[in-house]
Structure formats: C-alpha cells, structure tokens
Chemist: 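So that we are looking at the same thing, I have put the structure below in structure tokens.
Each chain gets a letter, A, B and so on, in the order its sequence line appears, and its residues count up from 1. Note: hydrogens, waters and symmetry copies are ignored here, and every other heavy atom, side chains too, is used.
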Protein chains: 2
Amino acid sequence: MAMKALSKATIYQVAQLAGVSIATVSRALRDSDLVTAQTRERVQAAARQLNFTPSRLGRSLAEGRHAANGIVFPDLVGPYYAEVILGYEAAAAGFGSSVLILATGGRDDAEAAVRELAGRVDGLTVMGQTVPDEVITSLAVPVVALARDPVPGVDTVRARNARTAKNLVEHLLEHGHRRFTFVGDPDIAPDVRGRWDGVRQALSQQQEPPHLVRTPGLDLEAGEQAALQPGRAVVCANDEIALGVLLAAEKAGLRVPEDLAVTGWDDLLAARFAGLTTVRQPMRELGATAARWLHRRITEDTDVPAAPRRRVLATQLVVRRSCGIHSPEVHR
Amino acid sequence: MAMKALSKATIYQVAQLAGVSIATVSRALRDSDLVTAQTRERVQAAARQLNFTPSRLGRSLAEGRHAANGIVFPDLVGPYYAEVILGYEAAAAGFGSSVLILATGGRDDAEAAVRELAGRVDGLTVMGQTVPDEVITSLAVPVVALARDPVPGVDTVRARNARTAKNLVEHLLEHGHRRFTFVGDPDIAPDVRGRWDGVRQALSQQQEPPHLVRTPGLDLEAGEQAALQPGRAVVCANDEIALGVLLAAEKAGLRVPEDLAVTGWDDLLAARFAGLTTVRQPMRELGATAARWLHRRITEDTDVPAAPRRRVLATQLVVRRSCGIHSPEVHR
DNA sequence: TTGAAAGCGCTACCAT
DNA sequence: ATGGTAGCGCTTTCAA
C-alpha cells in the first residue's frame with residue numbers, strides 16, 4: 001500500500017537516514033564547499049526520500065529573519081490597489097521575499113492587526129490612511145510609506161497629485177469652465193487631499209473658488225448621490241465617483257460635457273468606455289518602488305541608516321470627451 | 001534624550017524586569033486564571049515598558065502552527081482576483097489568520113514558489129491554472145482549489161460557468177442570432193473551458209456549430225485582435241476581451257448590436273458603461289468560501305478527514321444592450 | 001570534512 | 001500561583 005509521504009519530516013530524520021549529523025544535512029542542503037560530493041548526494045537522496053522541506057519556522061528563528069514582508073492597504077476595491085500590490089509582489093519575489101497582505105478596511109482593530117503583522121515580517125509597506133503615524137514609528141521593523149503623507153524618518157513613495165490636478169483644472173479653464181465643484185473627501189486619503197489642493201491652487205486667481213462636496217466614500221454611489229448643478233465643471237476624487245456622477249447626470253437629463261463637465265482620476269478601464277477625462281497613475285511602479293526601497297532598508301547596515309527617501313512618481317493627464325468639446329482632432 | 005524603544009525585547013527580559021519566570025510572563029500575557037491579578041499587572045507593565053511583542057516565530061514554532069494561510073493565483077489583473085482575494089482576506093482575518101499571496105503569472109518557478117509558500121502556512125488556496133495537480137496533492141498542508149477543476153481529495157469551490165453560458169446563448173438565440181463565435185482560449189483556465197462547453201451545449205441542436213477564436217490572453221488586446229465578421233454573435237471569455245471586441249468593432253465601423261452582438265463575463269464596471277451584456281460572479285463569496293473551507297480543514301481532526309467538498313456558486317446573467325435589440329422596457 | 005552543542009523565543013507540562 | 005525545563009526545527013560556531 002502506497003503511503004502519501006506528506007513531509008513534516010525533520011532534519012533529524014534526514015540525518016538519521018543519511019547516517020550523518022543534522023549539521024551536515026543543513027550544510028549539504030544549502031552550502032557548497034563544506035561537504036563531500038558523496039555526502040551531499042547521500043543527504044539529498046535521504047531528503048528526497050522523506051520528501052523533506054526545511055521548516056521555515058525553524059530556519060527563520062535560527063537566521064533571525066522572516067524572508068517575508070507585508071503590505072497594508074485600506075481596501076482592495078477597484079484596480080488601483082490590486083495593481084499596486086501586484087507590482088509589489090513581483091518585486092518582492094525578486095528578492096526571495098514572500099508577501100503578506102492586510103486590508104484594514106472595515107476592521108476596527110487595524111492597529112492591532114498591523115502590529116501583529118509587523119511581527120511576521122522583516123519590513124512593512126503602509127499605504128494611505130490605514131494607521132496613524134505613531135503606529136508606524138513605533139514598529140520594530142523598517143517601514144515604507146506608500147501613497148501617504150511623509151512620516152518623519154520613513155521612506156515615502158507617492159504619485160503626483162497636486163500638480164497634475166492643477167494641470168487638469170487649467171485644461172478645464174481653457175475649455176471655458178469657470179465654476180468648479182470637487183467631489184470627494186480630502187480627509188479620506190492623502191491622495192485626495194493632494195488633488196483638492198491642486199484644484200484650489202489652480203483657481204486661486206479666479207473669482208469663484210471651487211465648491212467642495214464631501215462624500216462618504218470613493219465609490220460609484222458617492223458620485224450618484226452628489227447633487228448636480230448644470231454649468232459646472234465637476235472634478236472628482238477618482239474615476240468611480242466620476243462614473244457615478246455620469247450616471248446621475250444621465251438620469252437627470254444633463255448632457256456631458258455640454259451641460260456638465262466631469263473628470264476623474266485613475267484611468268480605470270471603465271473611464272475609457274465612458275469617455276471620461278482622467279489621470280493615469282503608475283500603479284505597478286508605485287508598488288515595485290516601495291518593495292525595492294523596503295528591501296534596501298531591511299538589508300542595510302543598521303548602524304548607519306541612510307536618510308529617509310522621498311519619491312513622487314509622475315502622473316499623466318488623459319483627455320477624453322467628458323471635460324468639454326475639443327477641436328477637430330478626435331481625442332480618445 | 002528619548003530612546004526609540006524598538007522592541008526586539010524577548011520574554012526573558014520581560015521576566016527579569018518583572019521579577020518572574022518566563023512561564024509566568026507567557027501566562028500573564030495570554031491565559032487568565034493561572035496568574036494573580038497583581039502578577040499580571042506587574043508583567044504587563046514590564047512588557048509595556050519594554051515595548052514587548054511576543055515573537056511570532058518562537059510562538060509558532062512552539063505551537064506548531066503558523067496562524068497564516070496562503071492564496072495562489074495566476075495574476076492580479078482586473079478586478080476579479082482582487083475581489084476574490086479581498087473576500088478571502090476578510091474571512092481569514094475572522095479566524096485570526098494572516099494571508100500570504102503568491103502570483104504565479106510571469107514566474108517560471110511557480111512550483112517551487114508554491115512549495116516554499118506551503119512551508120509558511122497552515123493551508124493553501126490554489127486558484128485556476130497555476131500549478132499541476134501533482135503539486136497540489138504532494139503538499140504537506142491542506143489545500144482548497146478555487147476556480148479550478150476538481151483535484152482528487154481536495155475541496156473545490158467554483159462559480160457556475162457552463163450552465164450560465166448556455167443560458168446566455170439561449171438568450172442570444174431568442175434575439176435571432178444563429179451564427180456564433182467564441183473568443184478566448186478554453187485551455188487557459190478552467191473557467192473559460194466551462195463557458196466554452198456551455199456555448200457548445202447550447203448550440204448542439206443548431207445547424208452551425210460555434211466558431212472558436214483562440215486568443216493568447218484574456219485582455220483588451222486579445223479582443224481587439226480577434227477578426228470580426230458582421231452578423232455574428234460574439235461570446236467572449238471575459239469582459240476585457242469583449243470590450244476589446246467592442247473597440248475593434250467601432251474601428252471597423254460595425255454597429256453593436258445591429259451588425260454584431262457581443263457578450264462578456266465578469267460584469268466589470270466598464271461593462272456597465274459599455275452597455276455590455278455579461279455575467280456576474282460572486283467574487284468575494286468565492287474567496288470567503290475558500291477561506292472558510294480551508295480553515296475547517298486546518299482545524300479538523302486529522303484522524304477522520306471529511307470527504308472532499310465541492311461547491312458551485314451561482315452566477316447571474318446581466319442583460320444590457322450589446323446582445324441585441326430588446327423590447328420597450330429599458331434594460332440597463 | 002564532519003559532529004556536538006549552543007542558541008533563536010516561545011509554549012506547555014511537571015513540579016512545587 | 002509560580003518556576004523549571006523540555007522541546008519546536010533549524011543555523012552556526014567550536015572542536016576534532
């Protein structure tokens with residue numbers, strides 16, 4: 001009767017089967033030059049026969065490192081976080097590091113969860129509005145802040161918000177729009193705050209300041225709920241809100257962009273099909289950069305920690321129909 | 001000068017500071033009734049002072065469990081996997097289990113990566129076409145298969161494909177369509193295979209069998225490349241392909257649905273704005289179910305393993321404009 | 001080249 | 001109620 005050799009075999013059993021000490025097994029299975037070819041062979045055979053895989057726990061405990069790192073994000077809705085995480089995971093894999101994820105959205109014990117996570121990893125990437133700065137600085141592992149306001153002493157990676165938002169509004173001004181509404185809550189995320197700041201900057205010389213409509217979330221529904229007035233340019237915190245606004249406008253019989261100009265942020269696939277003017281972010285690159293920086297921190301000489309780094313990745317305006325009527329050339 | 005009390009404190013230091021043994025510390029910080037209120041207090045104070053957090057490694061090694069599980073997926077593009085993973089993470093968190101992720105897409109050592117991951121977790125959820133069955137059955141931890149053909153002895157969770165695809169085609173038949181094209185590669189994923197099967201079943205009584213256009217991927221580009229002929233109903237393996245087809249149709253001057261009917265699968269946000277008829281899957285529920293089942297396996301009495309479970313979650317046809325002209329009532 | 005043994009930080013059993 | 005201590009599985013000196 002065939003037995004399923006579900007490992008759980010330990011280094012001791014391999015040692016015994018191969019007739020050597022566990023030290024030799026450990027070496028044979030990893031080092032090179034400290035073991036005879038013969039011995040190595042014998043050990044490997046034994047290991048194979050027992051379907052032996054070294055215990056990560058034992059190994060990590062002995063080595064003093066997890067060979068894993070974590071990423072904390074508010075939620076995973078929409079392609080934004082997914083893309084960031086994918087870029088992160090790919091880069092981390094390149095360093096031989098596993099990735100743990102933690103979504104704080106809808107969790108009341110976010111801080112505890114982050115602390116617990118910190119105990120499982122060599123370093124942590126923390127995104128946006130997930131936990132307060134104090135938590136970050138009190139962690140015992142290196143941290144990289146992603147899409148988050150700079151934290152003292154912590155590396156920070158962000159996408160450009162304010163400047164591109166300014167460009168966006170200037171584009172709308174060129175279209176002749178003068179009355180602006182911003183939909184979204186600047187306090188919900190640093191990214192949104194930056195966009196709102198850019199909008200205000202762009203309009204600081206204008207007669208009428210932008211009107212702010214705070215929404216509870218960043219989703220379709222938030223956009224659908226937003227009260228609409230014809231003749232305004234509606235700059236939304238993200239694409240989902242903008243798409244909600246589009247839906248509401250249609251329902252209200254308002255034409256876009258004739259009666260109402262609308263813009264989003266993120267360049268979701270849906271934005272393309274809705275003809276939504278928006279802004280594209282280098283999502284994967286955000287994640288990959290964070291992973292790389294974190295790895296640098298983890299492996300750096302802790303006696304001489306480098307000064308905290310800051311990087312702002314460029315974002316790109318994507319002009320489509322919803323911001324106003326364009327000249328002959330077709331924008332898509 | 002204030003010192004940053006970056007923990008790395010061990011249970012021994014806490015014990016010493018509190019003037020007790022490590023056993024007492026361990027108890028005071030977790031158990032209840034085995035420690036005086038006084039002692040507990042003293043220990044907690046010491047722990048706080050040293051910013052002590054028990055080492056997960058030490059704890060896991062002693063307890064013989066990771067309190068973590070993993071999910072393996074091909075890629076993270078599109079909202080599908082992101083949603084599944086979110087549902088998974090949320091459910092796992094409910095069990096106090098951390099989540100490790102592994103994307104096999106674009107990795108040549110997928111099998112090794114999965115084995116490595118298996119060493120870090122108490123159980124694993126494996127999605128779709130990531131690694132061969134042999135790998136799954138040879139792992140030393142419980143596995144749940146998700147969106148994957150059943151593996152002997154392994155719990156399987158899937159979404160309904162064939163039957164809903166059949167319904168979809170029948171709907172198209174009611175519209176009067178008789179010539180069908182399926183775009184996507186059934187060998188790329190069990191889900192796609194199931195949809196293709198359903199299409200063929202639905203047309204088994206028809207004169208003309210469906211035409212299969214195999215695409216290299218499941219993305220927009222795949223759909224854009226697909227050669228189009230007017231007068232056909234184009235059933236796509238997923239929404240992204242379908243949206244690509246829509247784009248190509250527009251470019252070719254074909255009207256949808258008049259010249260070409262198109263359907264997708266997944267009900268992306270973009271599908272709504274493109275008026276695409278599609279199928280909705282319970283993505284979060286898929287993930288959550290897998291997490292629950294895995295937890296059951298992990299905690300079950302291993303002497304009496306329950307028979308493998310199978311579940312197929314219902315999917316829902318979402319009729320919009322792209323499948324044909326509908327009667328007066330507006331479908332959206 | 002190989003073995004013995006000391007940790008790594010914790011839990012849990014056995015005494016007291 | 002508390003302390004002592006034997007593991008958990010591995011890596012890595014230190015000797016031989």
Side-chain angles (χ1 to χ4, degrees), chain A residues 6-44 46-47 50-68 96 115-116 118-122 140-141, chain B residues 6-44 46-47 50-68 96 115-116 118-122 140-141:
Chain A
L6 286 195
S7 77
K8 296 306 179 197
T10 75
I11 199 174
Y12 290 94
Q13 305 175 32
V14 178
Q16 180 168 26
L17 182 58
V20 298
S21 76
I22 61 164
T24 300
V25 173
S26 178
R27 286 190 278 253
L29 262 33
R30 178 150 15 68
D31 296 332
S32 311
D33 335 316
L34 287 42
V35 162
T36 323
Q38 282 192 13
T39 314
R40 173 186 317 282
E41 201 112 328
R42 204 141 39 88
V43 170
Q44 287 178 338
L50 294 173
N51 189 19
F52 170 73
T53 311
S55 150
R56 256 295 8 144
L57 252 24
R59 192 202 284 224
S60 289
L61 193 55
E63 286 180 340
R65 60 178 225 122
H66 297 268
R115 292 193 187 285
E116 146 77 21
R120 302 179 161 271
V121 296
D122 301 318
V141 295
Chain B
L6 285 195
S7 77
K8 297 307 177 197
T10 75
I11 198 173
Y12 289 94
Q13 305 174 31
V14 178
Q16 182 168 24
L17 182 59
V20 297
S21 75
I22 61 164
T24 301
V25 173
S26 178
R27 286 189 281 253
L29 263 32
R30 182 152 14 69
D31 295 332
S32 313
D33 334 318
L34 288 40
V35 162
T36 323
Q38 283 192 11
T39 312
R40 173 188 316 282
E41 201 113 327
R42 205 141 38 86
V43 169
Q44 288 177 338
L50 295 173
N51 190 18
F52 169 73
T53 312
S55 149
R56 262 266 45 121
L57 253 24
R59 193 204 280 225
S60 289
L61 194 54
E63 287 182 339
R65 61 178 223 123
H66 296 267
R115 291 193 188 284
E116 146 77 21
R120 302 179 160 271
V121 296
D122 300 319
V141 295

Chemist: Which atom pair, heavy atoms only, marks the closest approach of Ala9(B) to Leu50(B)?
Modeler: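 Smallest interatomic distance, heavy atoms only, reads CB-O, 3.8 Å.
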Chemist: Any donor-acceptor pair under 3.5 Å linking the side chain of His66(A) with the backbone of Arg120(A)?
Modeler: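 Side chain of His66(A) to backbone of Arg120(A): a pair is present.
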Chemist: Mind calculating the distance between CD (Glu41(B)) and P (dT2(D)) to the nearest angstrom?
Modeler: 13 Å
Chemist: Please report how far the helix from dT1(C)-dA16(D) to dT16(C)-dA1(D) bends, comparing the axis fitted to its first five pairs with the axis fitted to its last five, to the nearest 10 degrees.
Modeler: 40°
Chemist: What's the shortest heavy-atom distance between Val35(B) and Arg27(B), and which atoms?
Modeler: CG2-CB, 3.8 Å
Chemist: Rounded off to whole Å, could you give me the CG-to-P distance for the Leu34(A) and dC14(D) pair?
Modeler: 15 Å
Chemist: Output one letter per nucleotide in nucleotides 6-16 of chain C: B when a protein non-hydrogen atom lies under 4.0 Å from the base, S when only the sugar-phosphate is that close, - when neither is.
Modeler: -BBBBBBB---
Chemist: Calculate, to the nearest 0.5 Å, the distance between atoms CD and OG1 belonging to Gln13(B) and Thr10(B) respectively.
Modeler: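 Reported to 0.5 Å precision, the distance equals 4.0 Å.
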Chemist: Which part of the nucleic acid does Ser60(A) contact within heavy-atom distance under 4.0 Å: base, sugar-phosphate only, or nothing?
Modeler: nothing
Chemist: Verify side chain to side chain donor-acceptor pair (under 3.5 Å) between Ser55(A) and Arg59(A), making sure each step is shown before the conclusion.
Modeler: CA-CA 6 Å; Ser55(A) 150; Arg59(A) 192 202 284 224; over 6 Å; no
Chemist: Taking all atoms of both residues into account, what is the closest heavy-atom pair of Ile22(A) and Tyr12(A), and its distance?
Modeler: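 What the structure gives for the nearest pair is CG2-CD2, 3.5 Å.
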Chemist: Would you find a donor on one side and an acceptor on the other, under 3.5 Å apart, between the side chain of Thr36(B) and the backbone of Gln38(B)?
Modeler: no
Chemist: Roughly, in whole Å, what's the span from CZ in Arg42(B) to P in dA1(D)?
Modeler: 15 Å
Chemist: With a 4.0 Å limit, can you tell me whether Thr24(B) has a side-chain N or O closer than that to the phosphate oxygens OP1/OP2 of dT2(D)?
Modeler: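 No, Thr24(B) has no side-chain N/O under 4.0 Å of OP1/OP2 on dT2(D).
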Chemist: Just so I know, are the side chains of Val43(A) and Arg40(A) near enough to count as touching, which here means a heavy-atom distance under 4.5 Å?
Modeler: no
